[in-house]
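What follows is a short report on a single structure.
Owing to the predicted nature of the structure, the values given are computational and were not obtained by experimental measurement. Order of the sequence lines fixes the chain letters, A, B, ..., with proteins taken first and strands second; residue numbering starts at 1 for each chain.
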Number of protein chains: 2
Amino acid sequence: MVRIKADEVDRDNSVDKVEQILQGAMQEFLQHGYAGTSMDRVAVAAGVSKATVYSHFQDKEGLFKVLLEQLASKKNISIFGTEPIEGEPAAILHQVATKALEQMLNDKEHSAFMRVLIGESGRFPELAQICVQAMIKPVAETLTHYLAAPELNIPDPEATARILLGALVHFHITQNVMHGQDIVPMESDRLIDALTHLITKCTD
Amino acid sequence: MVRIKADEVDRDNSVDKVEQILQGAMQEFLQHGYAGTSMDRVAVAAGVSKATVYSHFQDKEGLFKVLLEQLASKKNISIFGTEPIEGEPAAILHQVATKALEQMLNDKEHSAFMRVLIGESGRFPELAQICVQAMIKPVAETLTHYLAAPELNIPDPEATARILLGALVHFHITQNVMHGQDIVPMESDRLIDALTHLITKCTD
DNA sequence: GTCTATAGACTGATAGAC
DNA sequence: GTCTATCAGTCTATAGAC
């Protein structure tokens with residue numbers, strides 16, 4: 001009633017319903033967290049009955065896990081892309097950092113996802129690990145690859161990749177996730193410039 | 001019943017009781033988050049009756065806010081201290097970063113606090129802002145001061161401070177809060193060394 | 001008629017508040 | 001300790017495909 005719903009009805013129920021339920025679950029879980037979400041509201045948001053939810057997912061925990069695992073892979077791709085960028089290392093880094101930050105800062109859903117993922121990582125440690133594996137690890141590896149370019153002359157590209165990633169993600173957490181824009185304001189460009197300066201200053 | 005509690009009883013009820021309730025609330029809220037915590041369990045953990053809880057705090061939300069504001073100022077001090085360190089900038093930075101990481105990584109309560117703070121920052125935006133003000137801002141300012149040392153020759157110390165802070169905090173989030181030690185393992189020393197290298201490499 | 005998937009009421013437990 | 005609301009999860013009756 002509250003939400004939109006199925007345009008084309010029935011036929012090939014299973015896949016559509018699952019997707020529909022996940023969509024409703026995403027709305028609710030991202031907004032209210034795990035404990036704050038009721039299965040009744042998930043069902044309403046998805047436009048199906050509770051029995052339908054329970055026929056496709058084992059229980060609240062199972063639905064939550066499937067949802068977050070799906071979101072983890074989706075978010076990872078949308079933010080850092082699968083771009084095989086070529087060119088001067090300094091320019092690549094600048095471009096990757098700019099794009100990643102822009103993506104994160106303009107995606108409210110991503111802020112909500114970060115809140116839930118970190119907030120529930122105590123209750124669902126194995127889920128947090130899956131998301132680290134799906135999001136942090138591949139990005140860190142990609143950045144390591146870029147930072148390993150000989151002309152950058154970086155002694156520990158892997159650790160430096162963690163610094164770069166941490167600077168970007170923590171900036172997002174501070175400014176958007178925790179609503180700190182007015183408390184500790186800073187333009188994205190300043191962060192990016194300072195980052196690229198740190199990484200490339202001896203190669204100028 | 002479950003938890004320890006008041007050794008000395010009654011007399012000067014008010015202050016003791018409030019502290020006692022906050023202690024019980026901390027146990028519960030840090031472990032289960034806001035929505036996952038019941039006032040019954042807070043009362044039990046605090047060793048008082050529910051009526052006592054409600055006589056000292058307006059409601060669940062009020063108790064939660066008071067608790068987190070108190071924790072924010074406490075955590076800030078314990079991790080970055082109020083050390084007025086003197087000496088060579090490079091050495092200072094190395095020392096500050098090492099100590100901060102060590103403090104964070106060895107404090108399970110701090111991991112739990114980060115989870116709750118970030119996890120509830122959607123529901124309590126003004127509370128998140130208060131914590132940014134109390135924790136991020138002063139630390140960023142302190143680091144900015146160190147990074148502004150002329151011999152470091154850093155064009156934007158403020159932005160660089162955010163990078164430094166972000167690298168440290170995100171490392172903590174990845175390794176401890178999200179349980180990623182086994183997924184993306186890395187020694188703290190490598191991070192610290194790479195950080196100090198980035199910041200000081202042109203002044204060696 | 002039969003069968004599958006569905007809706008919506010139902011249950012026992014537990015929540016916040018006083 | 002009481003009260004009302006709401007929770008997760010279940011059950012029953014039914015709607016529609018074949």
Task: Donor-acceptor pair (no angle test) under 3.5 Å: A/Lys50 side chain, D/dG9 base - done: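 Yes, the side chain and the base share a sub-3.5 Å donor-acceptor pair.
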
[X] side chain to [Y] main-chain N or O, any donor-acceptor pair under 3.5 Å?
X	Y	value
A/Gln175	A/Val184	yes
A/Asn106	A/Glu102	yes
A/Asn176	A/Leu105	yes
B/Thr37	B/Glu28	yes

Under 4.0 Å between a side-chain N/O of [X] and OP1 or OP2 of [N], yes or no?
X	N	answer
A/Ser38	D/dC7	yes
A/Ser55	C/dA5	no
A/Ser49	C/dA5	no
A/Tyr54	D/dG9	yes

Starting at [atom1] of [X] and ending at [atom2] of [N], how long is that distance when rounded to a whole Å?
X	N	atom1	atom2	result
A/Phe57	C/dA5	CZ	P	15 Å
B/Ile21	C/dA17	CD1	C1'	15 Å
A/Arg41	D/dT6	CZ	P	10 Å
B/Gln58	C/dG16	CD	C1'	13 Å
B/Asp40	C/dA17	CG	P	11 Å
A/His32	D/dC7	NE2	P	11 Å
B/Met39	D/dT4	CE	P	20 Å
A/Glu61	D/dA8	CD	P	13 Å

- [ ] May I ask you to say what B/Thr37 touches in the nucleic acid, namely base, sugar-phosphate or nothing, with a heavy-atom cut-off under 4.0 Å?
- [x]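 Counting heavy atoms under 4.0 Å across all strands, the contact made by B/Thr37 is with sugar-phosphate only.
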
- [ ] Could you check whether the rings of A/Tyr34 and A/Phe124 sit parallel, tilted or perpendicular, using 30° and 60° as the cut-offs?
- [x]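 The arrangement is perpendicular - the two ring planes meet at more than 60°.
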
TODO: Have a look at the helix from C/dG1-D/dC18 to C/dC18-D/dG1 and give the angle its two end axes make, five pairs each, rounded to 10 degrees.
DONE: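 About 10° separates the two local helix axes.
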
